[in-house]
Each structure stands twice: as C-alpha cells, then as structure tokens.
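Let me begin by presenting the structure, written as structure tokens, before commenting on it.
Naming convention: chains lettered A, B, ... in sequence-line order (proteins, then strands); numbering from 1 in each chain.
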Protein chains: 2
Amino acid sequence: MEPNISIIASLIGESTRASMLTALMGGKALTATELAIEAEVTSQTASSHLSKLVEGQLLVVRKQGRHKYFQLQSVEVAELLEKLLNITSKVAKTNTVTGPSDSRLRKARICYDHLAGELAVALYGSLVRNKFIIEQNYETLITESGREFFESIGVNFDRFQKSKRPLCKSCLDWSERRSHLAGSLGQWILNDIFKNGWASKDLDSRVIQFNQTGLKFFYSRYDIK
Amino acid sequence: MEPNISIIASLIGESTRASMLTALMGGKALTATELAIEAEVTSQTASSHLSKLVEGQLLVVRKQGRHKYFQLQSVEVAELLEKLLNITSKVAKTNTVTGPSDSRLRKARICYDHLAGELAVALYGSLVRNKFIIEQNYETLITESGREFFESIGVNFDRFQKSKRPLCKSCLDWSERRSHLAGSLGQWILNDIFKNGWASKDLDSRVIQFNQTGLKFFYSRYDIK
DNA sequence: GTTTCACTTCGATGAGCATCGAACTATTGA
DNA sequence: TCAATAGTTCGATGCTCATCGAAGTGAAAC
C-alpha cells in the first residue's frame, strides 16, 4: 500500500508538538522540561507528546542522568519542517503582527544547522555578486573562485567530499522569501561564526545574537553591503 | 511570530484529507465526487474537507458547469507531500503487506508530474551509467553529452531556461529508496511517454500502465537493462 | 539516610472535529 | 417543465485525544 502520510503529518499537526519541533529546529538538544516550558504545557503533557514523537521517529532521545535530551531525528526531518515553515509563511501573509522578538528572529536565526534570516540572505547575495556561487537552473553551485575563497578562510573541501550532504544548497527563507545558503557549506559558515565568537545562540529561541565587533568581522569577511 | 506549521500539518494529518491529497499527487484534477469515492466518505464529508484544503491553500479549485475540479495548489505542495511520503515509508518498514495493486504502483507511478517507481529508478541508473547526468555533492546535473542526447530526442532546452524549475533534480523514491529524476526534464520525459502512447494513466490511482510495445521502446530509447 | 528534581503512568474531564442524514441550491439534459 | 446529478449547509452524534491532577519511579544532591 501507499504509505499513509497522515500519521507523520498528524504528529506535526498538533500545536503543542509543533512548538516543540520548531524549538528543536534550533539544532540544540533540549530536555523534556525545556520543551514543556517552550510549548507552555505541564511536564505530564509534554512527556506524552515526546514519547509519541520518538515513537514516530521524528525525534531521537538520549538519556543523561535524570535528564532526557531530545533532538530532531535527522536532517531529513529538519528539511520537512523547513518546507512546512515556508508553505505556512506563504499562506499566513495576513496577520503579520511583527513583535520585538520577531524582528530579532528575522534578522538572524538558526535553521537547524545553518544561518537564516536577513543576514543569511545578504550573505547569499554577496556570494552571488562576487561570483563565488552561481545559480543555474535553480541549483546552487560553487565556482572555482568560490572554492579558492573558502579554502583561504579555512574550509577543507576534501572532508566535505565524503559527506552525503550537498555542499551548497539554497534554502528558501520563510521570513525573507529569498534564498539563503544551506548544505555542508552553510553549516560550516555558521560553525565558523560561533567558533570566532562573532555571535551566540539565544538561550530559549532560535535567535542568533551577533555582537558588534562580530558583525563587523562577518560583514567584512563576506563583503556584505 | 514564527509561522505556525501545525495549521498546514493538521490539514494533511487527517486520514481522509491525506487520501485526497495523495490521490491528487497523480497530477490530474479530480472532482469532489471522485475524491469522495477515493477517500471512502460521503459527498457531504468530502465537501467539508475540500473547502478546508482550499482555504488552507493546499488545493485550488476550478468550477466547470456543475463540477468542481480540485488540484494541488503548486509544485511546492507536491514536494512537501513527496517529502512526507518518503519519511513515512522509511518509518513504516514493518507492515509491508504488498498487495497486487501495490506491485503495479511500485513498478511505475506518477509523482505529481514525473515518473516514479522501479522503472524511473532504472531510467535514472541508465542515465548515470551513460554519463548523461552526473551526481555531484548530491546534486544532479546534466552533462554535455546528456544535453546532446536529449536534444536528439526532441528536448528544447531554450524553453526550459526560462522556467523557474530546476532542470534536473533527483527525488528519493519512497518505494525504491533510490533516486529518480524530477524537475523539468523529468516532467518532459513523462509527457513524452504519454505523447508516444507508450503508457497510460490508470483511471483511479497513480499507477502508470505501460503497454508491451511502449515498454520496449522506452527500454531501447533510454538504454535500460 | 532524606530531600529535591526529572520524568512517567493512570485516570477523569472536556473540547474539537469527523461523520452522515436531511434538506437545500445550482446546473444539466430530456 | 421536470428529473437527475453535483455539490453545499445544518444539526446531531460520537469518537479521539490533549490536558492536568494525583501518585509513582529513579537519579542526584546534601
């Protein structure tokens, strides 16, 4: 028989579980309590939801002492949620009551393992403008000069070769409705930002908070603006 | 605020609506009655579901006399359903009670606008073997000789250039767990199969039924087996 | 040891919603 | 004009499931 998509979809289609999954798009493993707070339910309710999500193989769980850390099962699950975020934001064009935490989210946020938001879109634009990446039939490819550039800032492409993930991949941004960079290279860039101390993850959201000097370095390295 | 993915997901997460959406993955517009039969509910129930799907912008509707034809809203929606089909089939590895209609579905079926199933996977393998397409960092690209080959069988690449869709795109097959060809080229190939009369759509499923001579032509043209 | 904290299980409650019968409108075809 | 067909609206019914209080386990801290 044809697989029944309603099982997985209904797991995501419940607002409490959806909050949890969206929170886990931050890439970080979270405990049951943290997820309960995030979704604004009691720990009993959270426990019930989380066991369903694990059983449905959308999450994996790792036990550490008396804590249980939950995480998205795979990049594939993250990509599914991403697609949902995009379609949803396209539909909900109406009630765009942009709050304060919202503007920070739009500026820079984490999209499972890469950078998203205004800054990510600006970065993508700059890479295209400098001909480090090109869009060809709506696929994103790295150019020879792009390869040289990234090698000069520390990327080891040999290591990526073995990975099963696409190196470059454009990912439609739900807030900007334009492309940003995903794939292994997108992941590397975000890691590099953290490693350099240019920005830090917000404790309880997907917001990425750049510090002033970090932002300056980021702009200059990638020739933004 | 972050878009609330539960709204869209819950629309898909109801089994009756999921049947309807899966049926519409056949690419053909279907009437409310046809979808009611497909999902095994009364016309009243179907009507209620369909209006929700239209309101949620997963479907578009076209009125024709006393009929209403429903269709997936866009390629994006089809891609979302595809991703769901894949994740679902990976999870449901257990109860694989393969029925008779199932084997036809696995052989060749439509995936919104391109060919899927065993034959599609074999086609993809042959194109790779002949170096007409290459996989590079898990992106699928057409080669120079591939371009020549497809031009020789009637593809007009200039027309594709304008389209916003990727030319080649690999799409993971839920039944085979291997890649088949999607994108504009995948769409062209399926259209070409129908135009040549090699196969026809099943009336009430996603099965693509090849006739004997059609299958022979298909195998020889694409050097399969 | 005792206390505290993280998480789970059970059971009762209640809200949301899929379902369909009955009655309706609208279109086609005779 | 009348009958048949496609689809809708309304209201009643009943099931599923999210929710949380109460009570439990098990690990860590003191």
Charged N to carboxylate O under 4.0 angstrom, [X] versus [Y]?
X	Y	value
B/Glu79	B/Lys169	yes
A/Asp202	A/Lys28	no
A/Asp173	A/Arg106	no

Taking only the side-chain nitrogens and oxygens of [X], find out if one of them lies under 4.0 Å from OP1 or OP2 of [N].
X	N	value
A/Ser47	C/dA6	no
A/Thr16	D/dT19	yes
B/Lys63	D/dA6	no
A/Thr45	D/dC20	yes
B/His67	D/dT5	no

Inset, instruction - Report yes or no: is there a donor-acceptor pair, N or O only, under 3.5 Å between the side chain of A/Arg66 and the base of C/dC5? - result: yes

Legend entry - Polar side-chain contact B/Gln44-D/dG7 base: donor and acceptor under 3.5 Å: no

Proximal nucleotide (of [options]) relative to the [X] side chain:
X	options	answer
A/Val41	C/dC20, D/dT19, D/dT8	D/dT19
A/His49	C/dA6, D/dA18, C/dA18	D/dA18
A/Lys52	D/dA18, D/dC20, D/dG7	D/dA18
B/Arg17	C/dC20, D/dT8, C/dA18	C/dA18

Legend entry - Ring geometry between A/Tyr222 and A/Phe150 (parallel below 30°, tilted from 30 to 60°, perpendicular above 60°): tilted

Spacing of [X] atom [atom1] relative to [N] atom [atom2], expressed in whole Å:
X	N	atom1	atom2	answer
B/Glu40	C/dC20	CD	P	11 Å
A/Leu53	D/dC17	CG	P	14 Å
B/Leu59	D/dG7	CG	P	14 Å
A/Leu35	D/dT19	CG	P	14 Å
A/Glu55	C/dT9	CD	C1'	15 Å
B/Leu50	D/dG7	CG	C1'	10 Å
B/Glu14	D/dC15	CD	C1'	12 Å
B/Gln64	C/dT28	CD	C1'	13 Å

Inset, instruction - Look at all strands and tell whether A/Ser51 reaches a base, only sugar-phosphate, or nothing, counting heavy atoms closer than 4.0 Å. - result: nothing

Inset, instruction - Report yes or no: does A/Asn4 contribute a side-chain atom to a donor-acceptor pair with the main-chain N or O of A/Ser6 at less than 3.5 Å? - result: yes

